[in-house]
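Everything below concerns the one structure shown next.
Predicted, not measured: the structure shown is a model, and the values here were computed from it. Lettering of chains follows the sequences in order, A, B, ..., and the numbering in each one begins at 1.
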Amino acid sequence: MKDMWTAIPARGRVILLVLLAALLVAPAALDRYFMSVLILIFYFAFVGQAWNIMMGYAGQLSLGHALYAGLGGYVAALLWFYFGIGPWIGVFAGVAVAAAFGAVIGWLGFRFGIEGVYFALLTIAFAEFTRIAFDNMSFTGGPGGLFLLYEEQRTHEWWNLRGGPLLFYYLGLALAAGGALLTAWLARSRLGYQWLAVREDQEAALSLGVGAFRAKMIAVLISASMTAIGGVFLAFYYNSLFPAQAFDIGRSIEIILAPVIGGLGTIFGPIVGAFILTPLGEALIALTAKFGVDLPGTKAVFYGLTLMIIITLRPDGVWPWLKRLLGLEPKS
Amino acid sequence: MSALLKVDGISKRFRGLLAVDRLSFEVPQGGIFAVIGPNGAGKTTLFNMIAGVFAPDGGAITFAGERIDGLKPDKICQRGIGRTYQIVRPFPALSVEDNVIVGALLHRHHVSDARAHAQDVLRRLDLYDKRAQRASSLTLPDRKRLEVARALATDPKLLLLDEVMAGLRPTEMDRIVSILQELNRETGLTILLIEHVMRAVMALAGQILVLHHGASIAQGSPQQVVRDPAVIHSYLGAEDVA
Amino acid sequence: MNLAIVLNVVIQGVLTGLMYGLMALGLSVIFGVVRVVNFAHGEFAVVAMYATYLLFVGLGLDPLISLLPIALAFFAIGYFLQITLVNRFVGRSEHEQFILLVGLAIIIVNGLLMIFGPDARPTNLPYSLDSFEIGPLFIDTARVYSAVAALLVSAALFAFFRYTTTGTAIRACADNLTGAGVVGLNVKRLYAVTFGIGLACVGAAGSLMVTIADASPSLAQSFTLLAFTIVIIGGLGSMTGALVGGVLIGVSEAMASFFFAPSMKSMFSFALLVAVLVLRPQGLMGRRA
Amino acid sequence: MTRTTRRNFTAGLGAAGFVAGTAPFNIVRAQSAALKIAVVLPRSGYLAPAGQSCHRGALIAPKVLADYGHKVELVHIDCESNADVARTQTERAINDGAQVVVGAFDSASTLAMAQVCEQRKIPLIVNIGAAPQLTEQGYKFLVRNFPTGGMLVTNGLKLIKDELEVTKLDAKTAVFLHANDTFGTAQRGAMDKIFPTAGLPFKLLESIAYDPKAQDLSVEITKVRALNPDLLIVVTRAADAIKMVRDMVRQRFEPKGIISPGSPGLYDEEFYQALGPLSDYALYNLPWANPKSKMTQALEAAFKPAYPNFRFAVECFNVGFTFEALLVAAAAFKKAGTADGTELMKAVRETNIAEHVMIGPAIKFDDKGQNVGIPSAAVQNFHRTPTVTLPADVATAAPVLPIPGWQKRT
């Protein structure tokens, strides 16, 4: 743990501490709009980190991560809805179910050598399959959605994730920071090296005795579990779930944007990406409004354009470039 | 000396083409054993079978007294066989040191231990000063050495070297030869190498097997083999004996 | 009676599947050669639907005719897109290609929304409500025409790859890229031609699609997903595979709607997809790598 | 909260985009000023067709409301059919001084906004949204001037009975065909519950759910045709309604009536455009603009010059309900005499507006914030125009059943 900290150059440590401190005290100075944007940033940084573990470190392209978020959210929400079981317990069930799905997908994919785009399609297929299944199940509310009650007398039960923006702000911050810490720790572990080896060249990794199947399975399980936790967070933040949104491929795409734009296989990539993309969307809304452009779709066109420009100019993501710019490259 | 590796009548067929044909040989514990032969003789196929990339169609491979044919590459490495690839495959985006750490982690659970071991290996292979470079930025000779370092870091009992000398300048080659000799002498590492460069083979090998069309045409000490008429006819005659 | 209904359902599925197949063919050709996954595929199909709509409303052109100029225009777009933009991404990792084309897809869908608004634009063909009545069977006229057109376009494509020098060169590129470069083929140009052909396919398919659906921006994503499913099932890079996959999906969805709940029919496609990935990853008609 | 802190924060983040567009922070809470309302609608994304239609109602509302003595200032927000955007933009709108929020057609977005409004004590008036749960979740700052799915079906089935009586149609069997989406399943749920006790003279042979994203409905129609019901009861959206009719024509399936117990799809402009005469005689039982109300006429008068390419008769459902949501807010503002959220909400809950746009009694809300008094009208397409045929007091034509065959249309 300690060497994780000492590995960061001094200037980086200062910046990191200042940013963290700023985010910790920010709610005192921020209005609710910025809080709501930051909560989204934290969410996307966290689930982006989860995806980063699987893709950035272990090199497995999943385009169906909404599946895990949706399952986590649904399972915890259903336990709360039917049995009043709080999310702190429900999250374990949600994680277990999501991890089970991850295990099936991983087993099929890795056992049968499904790689690259094919593996991505496998993950999409599972997400879509589950979406349609949830659309056709009545106890989950079907396409009509699952709604969690907003009870005024319980709005301070933070232990049941019944609370206001402050609760979700700090929870989101904790998730994003915790996710980054976990990733940093894993990346420096034996497992982390095995993931990198598998990502770079699986055959060469095997010849060095790396159990690629096991390493990849663990990556999927960790990634699915983290994403499921993110899903629980979101379900209780919004108090409603709809299969068409929870499992939508659009959701899966949203999850992967931050880590790719920020920088895959880096710890700060997903965070930087989330801090770029979510505010970008908000800024584009504000800008189109400011310039009196009242044509729906304008914002999205510019958003798409930005994605294309960033991926063309900074294919490795913004963070590696930013790191050099800030002089944070570790000395060799 | 007992045999560390025993290859007993293995064959491999690709789409009807017999790549290796009932081949048998033994690599003694602590020896350096070379396999030579023209291109397409089945040398790399032989290596791939020993290393577990694919299973032989028939025959048996015994390592340290246990059957290993049909095991997967990672299991074989875990038993103590390290290998390099003819066309090098370093992990390009990783640093030289991290490349070697991956190997070192096979028998070490802590990255710090693995790093220490990796650095030892890198020192031995003259790569220590380049340990922070990305593997993709290395020159070919350095990459070849990195391959050896990575395989060595797994603490193998047997090291399979697939043409590590190809493309090296004579001085670089001599350096590798002496490194390998040192390893063999000091640690008792057994080496099985495929090599085209006869100069290196003659300097290193205690025993040579000549492979032609998937079958052994000669086997013995270097001096015996180079004088073998069949070998001269089918292989050495066609190329310069360096 | 019941058998006749099942037969009717199967025939409709086959006809629809051929149109799907043509769309998927474009994706398959691009992936098979350029090794770029066109995640904006369905979006291009929808652009073609709008183009067909405009030609019909403006000039009274039947989609069966306008598919030719549209395919040509799409070829040009594809060619241009490949040399200017996509070519930089050839050989890069899939997620980078993915982001590039998803960005493009977002722009297309929302651009269409800005230009045409959200409401669907129908192309009311004189025969769009006709059907052939054969005994107890009712077969949609428009669907028959479109399926035949899809077959003709596919046949033309087969002929191109088989009998022309460019076609053969492209196949050489797909089989052995370094080899193709070594013998002096202009790979960059061939890639551009291939991307153009892929888009021409999806353009033609989009034109035909107006006979069964009305142009609207919201169709795009499901088209993309559909094309992917078909191509994987049929075999990425296999031309017959795309058509066979299209028909298979068309029929299986039709049968699933008929015998089970229509709302669950896509589940069968995805289940089929998973089964193919696991049991025959090269696809039904693909060659093992 | 001052502007300085905000600027500090953005500087700290280094995200310049944050600053853009955050309007000066000066809420004027004076009676003489206009009521500032944020209208959140899904104008892009998959709900864009409905969102943009509602938006047209919102755009013409200030002028009409002014004529009735209400001053409102609207902020238009596109929530992109995305609950994340709905939530952050609602926060922003309230920061920028919005005193009431209206929206959002989409249940997920509406619920995301409901929490914001609840926590910030800002009234949220739901213009459209049929999920019954919206008013069952315990939100104190939410009212809905729109029927729940259950109300729609109850009223819709009652009207089917009336229609059969008035036209003396002898229907013995029916099939229920519905889209498997949020709205469609809500309707299905209501149908399963209500139909058995609704006392209708026909038998429901089967209920069929279809994927609203489906590329075609030919198989579904084949299935229906095999059952050969007298009536086809449908819950659709626009695109699939068109496919449904086309496939019915192609397969020569001619039921005696095509009736929606309360859903969109059969009266969208694209439905008329795509089908021409074939769109006629489709019957749908929905809350509808009262053609005989003065306010409706005023709204229509404002709509026509503003949108020459759109027809009020077609859009009056979305436009009308969006307008009424704004009317509820404006009337409450007038009554409360303040824009203070809690006071305003009290006035909203006590709403009693006799003269309004949609057919039905005065707008009132029950304890949960639901207007339970919204009736449906039987509306039928004649000459590509929605025409109110029942109840008789507001009808401008009589219902026609059985419907003429496909080939007999002009």
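Screening C/L104, C/I106, C/V102 against A/M308 for a side chain to side chain contact (heavy atoms under 4.5 Å, CB included) leaves a single residue, C/L104.
Contacts of A/L63 with chain C are made by side-chain atoms alone, with heavy-atom separations under 4.5 Å and no backbone atom involved. Neither the backbone nor the side chain of C/A105 comes within contact range of chain A; no heavy atom of the residue lies under 4.5 Å from a heavy atom of that chain. The part of C/L225 that comes within reach of chain A is its side chain, from C-beta onward, which places non-hydrogen atoms under 4.5 angstrom from that chain. In this structure, the portion of C/Q221 lying under 4.5 Å from any heavy atom of chain A is its side chain and not its backbone. Heavy-atom distances place no part of A/F302 under 4.5 Å from chain C, backbone and side chain included. Heavy atoms of A/I310 lying under 4.5 Å from chain C are absent altogether. Using a 4.5 Å cut-off between heavy atoms, A/V117 contacts chain C through both its backbone and its side chain. There is no contact between A/T306 and chain C, counting heavy-atom distances below 4.5 Å. Of the two parts of A/D135, neither the backbone nor the side chain holds a non-hydrogen atom closer than 4.5 Å to a non-hydrogen atom of chain C. Heavy atoms closer than 4.5 Å to chain C are found in the side chain of A/I114, but not in its backbone. The contact between A/L121 and chain C is made by backbone and side chain atoms together, counting heavy-atom distances below 4.5 Å. Heavy atoms of C/I232 lying under 4.5 Å from chain A belong exclusively to its side chain. Of the two parts of A/A120, neither the backbone nor the side chain holds a non-hydrogen atom closer than 4.5 Å to a non-hydrogen atom of chain C. If you measure heavy-atom distances from C/F268 to chain A, you find no contacts under 4.5 Å at all. With a 4.5 Å cut-off on non-hydrogen atoms, A/T312 touches chain C through its backbone and its side chain both. With a 4.5 angstrom heavy-atom cutoff, C/V37 touches chain A only via side-chain atoms.
Environment of CZ in C/R92: crowded, with over 12 heavy atoms of neighbouring residues, nucleotides or ligands closer than 6.0 Å. Around atom CZ of C/F80, no more than 12 heavy atoms belonging to other residues, nucleotides or ligands sit under 6.0 Å away.
Taking the side chain as every heavy atom from C-beta outward, A/L108 and C/L277 never approach each other to under 4.5 Å. In this structure the side chain of A/Y303 never reaches within 4.5 angstrom of the side chain of C/N110, judged on heavy atoms. At a threshold of 4.5 Å between non-hydrogen side-chain atoms, the residues C/F98 and A/I311 do not count as touching.
Note that OG of C/S266 and CZ of A/R131 are 7.0 Å apart. Values are rounded to the nearest 0.5 Å. In this structure, the separation between CZ on A/F119 and CD on C/E94 is 12.0 Å, given to the nearest 0.5 Å. For the atom pair C/S93 OG and A/M55 CE, the distance stands at 6.0 Å (nearest 0.5 Å). The structure places OG of C/S269 at 8.0 Å from CD1 of A/I132, a figure rounded to the nearest 0.5 Å.
In terms of heavy-atom pairs under 4.5 angstrom with chain C, the leader among A/L305, A/L307, A/V301 is A/V301. Between chain A and the residues C/L273, C/I108, C/V109, C/V274, the most heavy-atom pairs under 4.5 angstrom are made by C/V274. Across A/A133, A/G250, A/P315, the residue that shares the most heavy-atom pairs under 4.5 angstrom with chain C is A/P315. Put simply, of A/I309, A/L257, A/I256, A/I261, the one with the most heavy-atom pairs under 4.5 Å next to chain C is A/I256. With respect to chain C, the highest number of heavy-atom pairs below 4.5 Å among A/P143, A/G297, A/G116, A/G113 belongs to A/G297.
For the residue pair A/P296 and C/M114, the shortest heavy atom distance occurs at O-CG, 3.3 Å. Of all the heavy atoms in A/A125 and C/F270, the pair that sits closest is CA-CD2, 3.7 Å.
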